[in-house]
Every structure is written in structure tokens, then in C-alpha cells.
*Asks:* 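Quick one: the structure is below, questions incoming.
Each chain gets a letter, A, B and so on, in the order the sequences are listed, and its residues count up from 1. These numbers were taken from a predicted model, which means no experiment stands behind them.
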Amino acid sequence: MLNLPDHFLVIKTQILYQRRFMAKDFSTREENYSKWYNDIVQRAGLAESSAVRGCMVIKPYGYAIWEKMQAALDKMFKDTGHANAYFPLFIPKSFFSREADHVEGFAKECAVVTHYRLKNDPEGKGVIVDEDAKLEEELVIRPTSETIIWDTYRQWVQSYRDLPILVNQWANVVRWEMRTRMFLRTAEFLWQEGHTAHATKEEALEETYRMLDVYADFAENFMAIPVIRGSKSENERFAGAVETFCIEALMQDGKALQAGTSHFLGQNFAKAFDVKFASKEGNLEHVWATSWGVSTRLVGALIMAHSDDHGLVLPPKLAPIQAVIVPIYKNSGQYETVCNKAREVKEALEKRGILVKLDDRDTHKPGWKFNEYEFKGVPVRLSIGPRDVENGTVEIARRDTLEKEVISIDQAGQAVEALMTEIQQHLFRRALAFREENTRMADSWESFNRILDEKGGFILAHWDGTAETEQKIKEETKATIRCILLDENKESGKCVYSGKPSGRRVLFARAY
RNA sequence: CGGGGUGUAGCGCAGUCCGGUUAGCGCGCGUCGUUCGGGACGACGAGGCCGGUGGUUCGAAUCCACUCACCCCGACCA
């Protein structure tokens, strides 16, 4: 049942997991998807809302997931030649006026620092802003760092010998959002932003695609979430980019989620910030640019892609705890015996590089712990009781399918290791099957609407390529063009909305 | 910024319409005991300026005015 390789001696087979009673304090996806999501965030200890509107506190367990994502991505960035750096949180307001599209895109959601000092209220009502400490030039808290970085790059670049610049920064950014949701959209969020400068257009485009592929690779192989790579329509493009590429994932409620973006910025920022270099031929030319980023939103994607009505489900590669051992005992004598055996198992797993936790707390009961670790999405659970010690066995349960078996304790290390691989792959396969079931063709406006209302999911449909049509579709159905697929075959047809000729299908969905 | 809603113990709520003992309930928390292979049970216990300010009244969680905060639905968005 666990899908362990054949050489494992399964002592007792097919104990199908059965939950005796459903947690009454936990919503199901069916009942209320967004409440289910919030319940997971809260009950799994990922994050909580804070004293500041729209901002969340990322709790240790949630942050540990982000750290695992960071570690994997950071390695991938370095493997592709990038180095980390750090630029200021504050950006002079004037920088924003340099690139017209960029200002327009971000102006409405910028937090601005106007003063640098507080003082005691003369009327005794605490502290107030000291009006005498007004900044000469106001500072914008970065919604993204293109402007400050390009202003800096001007200093760094003189010759083609200074290129390329391949820099990434891990940082927080602020976008004053009207409506926020834990991880998916918060006023302040954590992310990484890569900013590169190149001598040629071709090289910059190549970089843009390379990083898109890095993101797709990360999403599929670490997060176990299948993604579709594509380019954005003009409406959805990053403010200031020539072209925006993205990876799009499908969530369990049939809504799409943009999981990463990679932008080809052309020479827009180089021109706005006057970043020029002397080419080999001796000509003074503007630099070509890219930027690319993923954020803590990925944690939200992870939750919505795999989790079930029992709580969070984490892919082993991103799980802060990959296996937990729960000892079962009746008295202090048994506690000692069982925990000693459990420690042996723990060591065996650690030798294999598995992140394992032995929960030997006496303050909680086994049943309580089982539920706790299910909420937290720990991929594998082992439990050892007096019977196991006597028989040389251990009970092993997998979180993704909720199945469990009893196996020989000597094989625990191997079994957990095998299960890690199996679970990682199974989550991906399951998510991929879900996406395939929920990707549909629509060749008429009626079927387009019917699919959206009855099923949701991705819709492949013809589009006449105009922003007007896209806007109309959005207004009438709330569905947007998620992307224009990179790998899609050309196919002529008629726009699902306007009936005008179209050369390819594009991907529509309602999105987060 | 529009439309709707909610503020009472750490969390979830009742009480508010119709003012009147010491403001309750569930979960959680603490101590002790029995338990421990799927969220244990019992006994005892701690915990509240009823969002804030001002008013009406002999008396306000309850009525009135103002105010603050948060949530949901829209417009905006990674």
C-alpha cells in the first residue's frame, strides 16, 4: 500500500488509515475553500495576522519552509552564475519618475516616508511626527528595486568588460494592497529579485528564459507543482518590461496562480538611468536588462496545491521535518524502552540525511501528536510502541495517502528514504493529473462560460490578440489570460469572444 | 474608496432587541490522580476596565453620539 520497493519485508500489510472522527474545528475544501486555507495556515503554525493591517507574522514553521525554498533557489541561482547583493529599502521618490510605465504600474501602491523623527506630543497624547523633521526628498519603500539598482548599475558599467552583471537580492518589499491574504498577497512580503545587465539583446533574452526555466524546474522538482511556462499579454505585463514570462500553476479550487516571473526589460531602464557601455567596437550603447522574482507567495501555492482536509501536505524536499517518530507507552518503564529504540531509529534516519524529529514529549498523547503532525504536513510518521520493541517492528505512515503499514524496524531507514522519493513523485503526479483533468478547450463563448462556471480550471481558447478583447473577457467573466504558452503548437481558429481569426490558443483562467 | 458585518477571558462564541444580583459557555491554560497503539477522563483552580471616548440614567456589555480596529464582498494587484 505504501508503494515500497519489493525488497521490503512488510510484516503487516494494508492497515488502511481511518480517521475515527473528523476534526470539527477544521473546514473542508468543499465547505469553504478560503476558510480551509486560512485554517491550515493557522493550525499548521505557518503564519498569523499582525498588529499591522495587511502584514503577517511568519511563524517559525512557516519560515522554515521559506528557508528551504530559499536554500534550493539560492543554489540554483549560484549554479547559473549569479551572486547575492543588497540594495536599500528606501528609494528616492524622483527615481520613480524616470521610467514612465514603471511609475504608472506602482504609483498607486507605494508607501512613502516623509519624516525622520518623532517627538512627544505637547498635549501629552504619546508621540507624534515632528513636523520640523520633514525629508527634503521623500523616500519610497521599495515595491521592487529596478530603479535603485539601475541607478547603481550606472556606476558599475563603463565597458563591455564590466558585463554581464548577474546579481540577485533576497529582500522584503512593500506594496500597499487593498485586500490581502496570508502568503498570497500581503502588504509586505519576502522575495528574491534578480537584476541582470547584458551587452546584447540576445544575451539578455537568453537570461530571461534561463531563469524562467530555473523557476519551472524548482516548482516541479521541489514544490512538486506542475507549471505552464508562457509569456504575458500586454495587460498583464510587468510595468516597464518589454516582455514578461511566467510560470502558472493550477490550485485545487480551479484557480490559477502565478508562481514566478522573469522579465526581459530591453533597454528601458538603461535608457531611463543612462546606463551605457563602450562596446568592443568602441560604440557607446545602452545595456540590456532582465529581472526575475519569486516570493513567499510560493508558500501559499504549496498549501493550495497539495493539502487536504486533514491539513497541510508538504513535499519531502521542502518539509522542515521529513519524518517524525512518535513513541507509544503506558508507564515510565515502557517510556524508557520505547524511546531508546526510537532514538536508534532516529540515528539510522539521520545517517541517511533525513530530517527527523523524535517527539518524546510526555505532555501530549500519541493520538494528539498524530493529528498534530498531520496538520503540519510531515511526510512520514513512524510510531513505536512496546509491541514493536518486542517484535522488532515499526509502524510507518505516509501523509499524502494516509496509508500505514508495519515493517521490520531494521528497514526503517531504507523505507523512509524510499518513501521520500515516492511521496515527492506521487505529489507531482497527482497535481499533474489534476491539472490535466482541469485543462479544457473552449471553442465557443458558451462553452467558455460554462467551463468557467461549472468547473473552473485552465481553458485553452483562441484569442484575437487585442487588449480590448482581453479586457472585455475579463470584465464579463473575471477570467484573464494567464499566459501565451511557450511550447504550444500554432493552430488557426477563431477568437472565442470576437470571432476574429487567431493563430494560436492562449491559456485563460480565473486567478489569484 | 464604495457596500455589508463584527468587536465580551489566549481562541471560538452566548448575553445586547426589552438596562437591574457576583457577566456566562466550549476549547485551551494550571495542579493532582487515573490514563496512554488515532485528538483521554475526573476533581479543583487561574484568567474580563464587555474595542475606545463622551452622553442618557439611581443604575450601562445592553440605550444614544462620536471614534478606532478588524473581517467579508467590489475596484487594484506577485
Side-chain angles (χ1 to χ4, degrees), chain A residues 12 15-26 32 34-35 38-39 42-43 48-54 104-110 125 143-144 173-181 183-193 215 232 235-239 244 246-249 256-263 291-301 310-311 326-332 334-335 338 361-375 381-391 393-395 397 402 404 406 474-475 478 480 482 511-512:
Chain A
K12 197 169 169 186
I15 306 171
L16 263 183
Y17 175 93
Q18 282 259 300
R19 198 184 185 90
R20 294 279 166 80
F21 33 87
M22 285 293 294
K24 294 169 200 74
D25 54 346
F26 191 69
N32 185 341
S34 57
K35 187 163 192 303
N38 285 331
D39 283 351
Q42 197 196 350
R43 292 293 303 273
E48 61 190 38
S49 54
S50 70
V52 186
R53 198 180 92 92
E104 204 185 318
F106 287 105
K108 285 168 286 183
E109 49 189 32
C110 286
K125 292 180 180 172
T144 177
V173 286
V174 169
R175 296 180 188 175
W176 214 261
E177 299 290 349
M178 302 293 183
R179 280 185 63 197
T180 58
R181 297 194 65 185
F183 291 108
L184 298 175
R185 175 163 296 106
T186 45
E188 180 192 12
F189 57 95
L190 306 182
W191 77 346
Q192 66 55 224
E193 45 181 327
Y215 288 154
K232 285 292 189 189
N235 285 346
E236 303 277 324
R237 189 178 295 156
F238 173 73
T244 288
C246 62
I247 51 171
E248 291 286 329
L257 185 115
Q258 178 175 303
T261 50
S262 184
H263 313 292
S291 70
W292 27 273
V294 297
S295 71
T296 37
R297 169 178 249 208
L298 290 181
V299 178
H310 303 277
V326 177
I328 294 153
Y329 52 89
K330 284 199 205 315
N331 50 52
S332 59
Q334 285 185 351
Y335 177 82
V338 166
R361 286 179 298 173
D362 191 34
T363 50
H364 296 279
K365 304 189 58 184
W368 188 92
K369 292 176 186 174
F370 290 173
N371 284 288
E372 180 71 1
Y373 292 107
E374 263 157 38
F375 270 127
R381 186 194 72 228
L382 300 169
S383 47
I384 301 175
R387 273 207 306 271
D388 293 306
V389 175
E390 203 171 304
N391 301 335
T393 57
V394 60
E395 185 189 87
L402 298 167
K404 62 184 183 184
V406 175
K474 184 178 178 181
E475 281 163 18
K478 287 177 193 159
T480 50
R482 299 321 304 152
Y512 278 102

*Asks:* Among B/G38, B/G37, B/G39, which is the nearest nucleotide to the side chain of A/Glu372?
*Replies:*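 Looking only at heavy atoms from C-beta outward on A/Glu372, the closest nucleotide is B/G39.
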*Asks:* Distance check: side-chain N/O of A/Lys108 vs OP1/OP2 of B/C76, anything under 4.0 Å?
*Replies:* no
*Asks:* What interatomic distance, in whole Å, is found between P of B/A9 and the corresponding atom of B/G47?
*Replies:*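 Those two atoms are separated by 15 Å.
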*Asks:* Please examine the side chains of A/Glu177 and A/Glu109, heavy atoms only from C-beta on, and report whether any two atoms are closer than 4.5 Å.
*Replies:* yes
*Asks:* Side chain of A/Gln258 only, heavy atoms from C-beta on: which candidate in B/C36, B/A78, B/G38 is closest?
*Replies:*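 Minimum distance to the A/Gln258 side chain belongs to B/A78.
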*Asks:* I'd like the C1' distance from B/U57 over to B/C44, given in whole Å.
*Replies:*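 That atom pair is separated by 41 Å.
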*Asks:* Has A/Arg381 got its NZ or CZ under 6.0 Å from the middle of the six-membered ring of A/Phe370, at an angle within 45 degrees of the ring axis?
*Replies:*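 Yes.
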*Asks:* Closest approach to the side chain of A/Arg175, judged atom by atom: which nucleotide of B/A78, B/G39, B/G37 is it?
*Replies:* B/A78
*Asks:* Which sits closer to the 5' end of RNA chain B, A/Arg181 or A/Arg297, going by the nucleotide each is nearest to?
*Replies:*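 In this pair, the answer is A/Arg181.
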*Asks:* Which whole number of Å gives the distance between the C1' atom of B/G55 and that of B/A14?
*Replies:* 28 Å
*Asks:* Among B/G38, B/A78, B/U35, which nucleotide has an atom closest to any side-chain atom of A/Lys365?
*Replies:* B/U35
*Asks:* Distance check, P atoms only: B/C49 and B/G24, in whole angstrom units.
*Replies:*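 B/C49 and B/G24 have their P atoms separated by 15 Å.
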*Asks:* Under a 4.0 Å threshold between the charged nitrogen and the carboxylate oxygen, would A/Glu248 count as salt-bridged to A/Lys232?
*Replies:* yes
*Asks:* Of the candidate nucleotides B/G37, B/G39, B/C76, which contains the atom at the shortest distance from the side chain of A/Arg387?
*Replies:*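 From the listed options, B/G37 comes nearest.
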*Asks:* Which is true for A/Thr261 with a 4.0 Å heavy-atom rule: it touches a base, it touches only sugar-phosphate, or it touches nothing?
*Replies:* nothing
*Asks:* Which nucleotide in the set B/U35, B/A78, B/G39 lies at the smallest distance from any side-chain heavy atom of A/Trp368?
*Replies:* B/G39
*Asks:* Is there a Watson-Crick or G-U wobble partner for B/A65 with both distances under 3.5 Å, and which nucleotide is it?
*Replies:*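 When the pairing criteria are applied, B/U53 turns out to be the nucleotide that pairs with B/A65.
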*Asks:* With hydrogens left out and only the distance checked, is there a donor-acceptor pair under 3.5 Å joining A/Lys330's side chain and the base of B/G37?
*Replies:*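 A donor-acceptor contact between them is absent.
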*Asks:* Applying a 4.0 Å non-hydrogen cut-off, can you work out what A/Glu177 is touching in the nucleic acid: base, sugar-phosphate, or nothing?
*Replies:*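 Result for A/Glu177 = base.
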